[in-house]
Amino acid sequence: ADYNQYKKYLGPLGAKRIRFQGGWAKTEKVKGQYDWAWLDAVVDDALQQGVQPWIETSYGNPVYEGGGDAKIGGGIPTSEEALQAWDNWVRTMVRRYKNKVHEWEVWNEPDLTPKLPALDYARFYIRTATLIRQEQPNARLISLVLAGPGRTAYTETFMSYLKSQQKLSLVDIITYHGYTAKPEDNYASFKKLKATVDKYPTKAIFWQGENGCPSEMGSAGALSNIPWTEMSQAKWVLRRMFDDLGRDITVTNIFQISDMYGYNNSGKSNTKGLLQINPDKSIAYAKPAYYAMQHVTALFDSRIMRIKDFKCTVSGNESTSVYAYHRKGSKGQLVTIWLDGNRPADDHPVKPVDITIQDGRFRHPVYVDMLSGNIYEIPAGAWSRKGNSYTFRNVPLYDAPVLIAEADLVMN
């Protein structure tokens with residue numbers, strides 16, 4: 001992908017962070033000579049658009065013998081010369097961007113390959129994280145970056161080794177990926193990850209560091225053998241965002257803003273982008289998923305707080321996900337709800353349900369379709385109040401999130 005092609009779509013998307021690869025092999029093509037122009041440009045432009053970068057230190061660099069692989073699933077540098085060159089690159093990069101970048105991620109999906117056992121990654125992590133902290137004492141350090149959050153043995157070895165070396169203080173954030181056809185299925189693996197980490201004396205928090213869905217079958221990368229469409233992709237993105245939000249995941253990262261042409265030397269495009277790409281890496285158009293994500297960022301900002309003791313009943317036998325929120329300084333509520341029994345489909349079969357909300361706060365409720373962005377009046381005869389209990393009848397649900405919300409929260 002080409003940042004210069006998609007950058008005009010970045011700020012309007014409403015995202016607050018962007019994850020960049022540091023690109024050792026792209027920066028140091030000749031031993032000891034760094035070309036930072038490409039990374040300077042993307043870091044500075046993202047910041048100018050109000051989007052905070054975090055940078056991942058990866059991958060290897062074949063200009064050095066034993067320098068590791070410059071691609072996903074590759075090995076880390078192993079020779080003494082390459083390791084010293086890695087140290088120099090990391091140190092120089094952090095020194096260059098420490099006033100602009102506050103979070104650094106060490107490697108990507110180390111558990112994806114037998115080339116990088118957990119103990120080797122733990123040692124490499126300590127080496128790299130220590131260098132970063134020396135240059136930027138207040139840096140937030142991001143670890144593990146797991147392809148499979150349910151691989152508890154990998155996490156256990158990593159955490160145990162850091163504890164034995166008294167280095168758990170080097171872990172501020174743990175990121176996990178884990179691609180599932182039904183977004184909600186990711187949380188079983190996350191639960192295992194959290195239970196493993198919770199056994200150790202650490203204050204680390206969790207970020208969902210990478211997740212997405214293709215917009216067509218046969219795409220490169222994860223979830224490629226499923227008949228996706230641009231519409232089912234948009235629904236998937238909405239469900240991932242709202243389920244992460246409803247489970248108090250601090251950061252959720254949608255992978256990625258633009259399709260990638262010739263992904264990882266596969267000869268195929270990775271179509272998880274929110275933007276359709278041309279062979280010359282120019283942007284053809286924004287997919288429905290781009291606008292769907294934009295609908296979420298337009299409403300759910302830092303003022304929106306989850307209602308943790310929310311009580312609600314939904315008629316019928318359909319499996320649903322339901323979360324509720326209020327906005328600081330406002331008395332109204334937003335309730336998100338969708339059918340979660342199956343992976344997102346291309347069509348929109350609707351199931352009318354009755355929803356009863358306890359301790360509700362509504363004066364002028366509206367129905368919001370987060371896929372289209374349309375807001376609909378809820379007729380007076382379709383809802384009623386008894387004390388603080390509100391019942392909404394024949395609410396049309398489908399396999400993408402909709403809202404029942406106080407009008408002022410979505411129209412101002």
Side-chain angles (χ1 to χ4, degrees), residues 1 3 17-28 38-39 42-43 53-62 67-78 82-83 86-87 89-90 93-94 97 101 103-129 131-132 139-151 154-155 157-158 170-179 186 189-190 193 204 206-212 220-224 251-258 260 262-266 270 272-273:
Y3 182 89
R17 282 185 171 88
I18 186 167
R19 174 184 178 224
F20 288 137
Q21 297 284 348
W24 181 23
K26 187 172 182 175
T27 304
E28 188 182 359
W38 70 276
L39 191 53
V42 299
V43 168
W54 87 80
I55 293 182
E56 185 176 278
T57 58
S58 59
Y59 289 106
N61 193 340
D69 303 302
K71 62 179 181 178
I72 190 171
I76 58 174
T78 54
L83 284 168
W86 168 270
D87 293 351
W89 170 68
V90 170
M93 180 168 57
V94 174
Y97 299 110
V101 175
E103 294 141 350
W104 300 88
E105 195 167 45
V106 179
W107 212 254
N108 179 52
E109 299 187 345
D111 60 319
L112 193 64
T113 171
K115 293 182 178 182
L116 193 42
L119 190 57
D120 289 356
Y121 173 69
R123 292 177 177 133
F124 185 70
Y125 179 85
I126 291 173
R127 180 188 190 111
T128 306
L131 284 172
I132 295 170
R140 301 177 76 198
L141 301 171
I142 306 173
S143 71
L144 280 170
V145 203
L146 294 164
R151 295 183 183 127
Y154 200 95
T155 301
T157 298
F158 174 83
L170 290 175
V171 178
D172 297 306
I173 300 161
I174 292 170
T175 49
Y176 63 93
H177 303 169
Y179 288 80
N186 181 266
S189 294
F190 171 67
L193 168 64
F206 295 93
W207 285 4
Q208 186 275 89
E210 177 194 311
N211 234 234
L223 304 178
S224 59
V251 168
T252 184
N253 184 29
I254 298 300
F255 183 85
Q256 71 167 7
I257 188 169
S258 167
M260 291 184 287
Y263 175 73
N264 210 31
N265 299 318
S266 67
N270 191 326
K272 294 184 182 68

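What you see below is based on every heavy atom in this structure, not just the backbone, and it leaves out hydrogens, waters and symmetry mates.
- Judged by distance alone, the side chains of Y59 and D69 never bring a donor and an acceptor atom under 3.5 Å apart.
- Residues L223 and G212 share a closest heavy-atom pair of CD1-O, 3.8 Å.
- With hydrogens and angles disregarded, no donor-acceptor distance shorter than 3.5 Å links the side chain of N61 to the backbone of G67.
- Between Y121 and Y154, the ring planes are tilted. Angles from 30° to 60° get that label.
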Run the side chain to side chain contact (heavy atoms under 4.5 Å, CB included) test on N253 and R17 for me, step by step, so that the C-alpha distance in whole Å, both residues' side-chain angles and the decisive distance to 0.1 Å come before the verdict. CA-CA 8 Å; N253 184 29; R17 282 185 171 88; over 6 Å; no
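- Closest approach of G22 to L39, counting heavy atoms only: O-CD2, 4.0 Å.
- Atom CH2 of residue W207 and atom CH2 of residue W54 lie 5.5 Å apart, to the nearest 0.5 angstrom.
- Atom CG of N108 sits about 14.0 Å away from atom NZ of K71, to the nearest 0.5 Å.
- At a cut-off of 3.5 Å, with distance as the only test, a side-chain donor of T128 or W86 sits close to an acceptor on the other residue.
- The side-chain heavy atoms of P77 and W24, taken from C-beta on, include a pair separated by under 4.5 Å.
- In this structure the side chain of Y125 reaches within 4.5 angstrom of the side chain of L170, judged on heavy atoms.
- Residues that satisfy the salt bridge (Lys or Arg N to Asp or Glu O under 4.0 Å) test with R19, not counting sequence neighbours, are E56, E105, E210.
- Listed for the K272 side chain is a donor-acceptor partner under 3.5 Å among the backbone atoms of A222.
- In this structure, T113 and G74 approach most closely via the heavy-atom pair CG2-O, 3.9 Å.
- Aromatic rings from W107 and F124 are positioned such that their centres are separated by under 6.0 Å.
- You'll find the side chain of Y179 reaches within 4.5 Å of the side chain of N211, heavy atoms only.
- Side chain of D111 to backbone of G148: a donor-acceptor contact under 3.5 angstrom is found.
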I would like to know whether L131 and V94 meet side chain to side chain contact (heavy atoms under 4.5 Å, CB included); could you show each step before the answer? CA-CA 9 Å; L131 284 172; V94 174; over 6 Å; no
Chi angles and distances behind the side chain to side chain contact (heavy atoms under 4.5 Å, CB included) call for I18, V42: CA-CA 10 Å; I18 186 167; V42 299; over 6 Å; no
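- In this structure, F206 and L193 have side chains that are in contact, with non-hydrogen atoms separated by less than 4.5 Å.
- Without hydrogens or angle criteria, N186 side chain to H177 main chain gives a donor-acceptor distance under 3.5 Å.
- Among all heavy-atom pairs drawn from A25 and A70, the shortest one is CB-CB, 3.8 Å.
- Using a 4.5 Å cut-off on side-chain heavy atoms (C-beta onward), R140 and W104 make no contact.
- Under the 4.5 Å side-chain criterion, counting only non-hydrogen atoms from C-beta, F158 is not in contact with L146.
- Residue S224 comes nearest to G221 through the heavy atom pair CB-O, 3.3 Å, listed as atom of the first residue, atom of the second, then distance.
- Interatomic distance, CG of L116 versus OG1 of T78, reported as 11.0 Å (0.5 Å rounding).
- Closest heavy-atom contact between L141 and A129: CD1-CB, 3.8 Å.
- Taking 4.5 Å as the limit, every side-chain heavy atom of D172 sits out of range of all side-chain heavy atoms of E103.
- Residues V90 and I132 meet the side-chain proximity criterion, which asks for heavy atoms closer than 4.5 Å.
- Side-chain N/O atoms of T27 and W38 include a donor and acceptor closer than 3.5 Å.
- Distance CD1/I55 to CD1/I142: 10.5 Å, rounded to 0.5 Å.
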